[in-house]
Amino acid sequence: WMKPGAAWGKPNGGSSSAVPVDVIIGNVPWLQECGVGLSAAARQQRADMEAGGATVVAAALNGKAVALLGIADSMKPEAPAVLRLLQQRG
């Protein structure tokens, strides 16, 4: 991870004009620890994603939340049988 305020630097080759941008990517508690809050709409979207079983990752630019990403994995077909077997074993 990069600390807020850390510089990325310029790419090698060609010409460019880099403008420093603070980028924070992580879970919502991490963004909050870095002083970034979520709007009411973003909080609702996060709740909806988590209710659907997703882990939410957020991104902020210059102290403002700009994206939420829900990461989820589908249940494998054999999962119920494996859970029953584990429950039988105690």
Side-chain angles (χ1 to χ4, degrees):
W1 61 274
M2 292 183 67
K3 287 186 175 184
W8 287 92
K10 292 184 179 183
N12 293 329
S15 64
S16 69
S17 176
V19 176
V21 177
D22 286 330
V23 178
I24 302 169
I25 299 173
N27 62 27
V28 173
W30 169 245
L31 264 68
Q32 291 170 333
E33 190 175 319
C34 293
V36 177
L38 296 179
S39 67
R43 287 193 304 272
Q44 182 61 53
Q45 187 176 22
R46 173 191 179 202
D48 292 346
M49 288 182 195
E50 289 177 339
T55 298
V56 178
V57 176
L61 297 176
N62 292 328
K64 182 178 178 184
V66 295
L68 294 175
L69 174 66
I71 302 170
D73 192 8
S74 59
M75 186 182 302
K76 295 184 174 34
E78 65 273 11
V82 170
L83 289 174
R84 281 193 299 277
L85 179 63
L86 289 173
Q87 287 172 341
Q88 290 171 357
R89 292 185 179 178

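Among Leu31, Ile25, Asn27, the one residue that satisfies the side chain to side chain contact (heavy atoms under 4.5 Å, CB included) test with Val57 is Ile25.
Summarising the geometry of Val36 relative to Ala65, their closest heavy-atom pair is CG1-N, 3.7 Å, with the distance given to 0.1 Å. Between Ala72 and Gly53, the shortest heavy-atom distance links the atoms CB-O, 4.2 Å.
Connection of Met75 to Leu83 is not established within any shared hydrophobic cluster, with ILVMFWY side chains joined at heavy-atom distances below 4.5 Å, either directly or through further cluster members. Val28 and Leu69 end up in different hydrophobic clusters when Ile, Leu, Val, Met, Phe, Trp and Tyr side chains are linked at under 4.5 Å. Note: the hydrophobic cluster containing Leu61 does not contain Leu38 (ILVMFWY, side chain heavy atoms under 4.5 Å, direct or indirect links). By the criterion of side-chain heavy atoms lying less than 4.5 angstrom apart, applied directly or through intervening Ile, Leu, Val, Met, Phe, Trp or Tyr residues, Val56 is not grouped with Val66; the two fall into different hydrophobic clusters.
Every side-chain hydrogen bond (donor to acceptor under 3.5 Å, both in side chains) that Asp48 has, sequence neighbours left out, goes to Gln44. With sequence neighbours left out, the salt bridge (charged side-chain N to carboxylate O under 4.0 Å, His left out) criterion links Glu33 to no other residue. With sequence neighbours excluded, the residues satisfying side-chain contact (heavy atoms from CB on, under 4.5 Å) with Arg89 are Leu85.
Separation of atoms CG (Leu68) and CD (Glu50) is listed at 9.5 Å; rounding is to 0.5 Å. Atoms CZ and OG, on Arg46 and Ser39 in that order, are 12.5 Å from each other to the nearest 0.5 Å.
The backbone N or O of Asp22 sits less than 3.5 Å from a side-chain atom of Asn62, completing a donor-acceptor pair.
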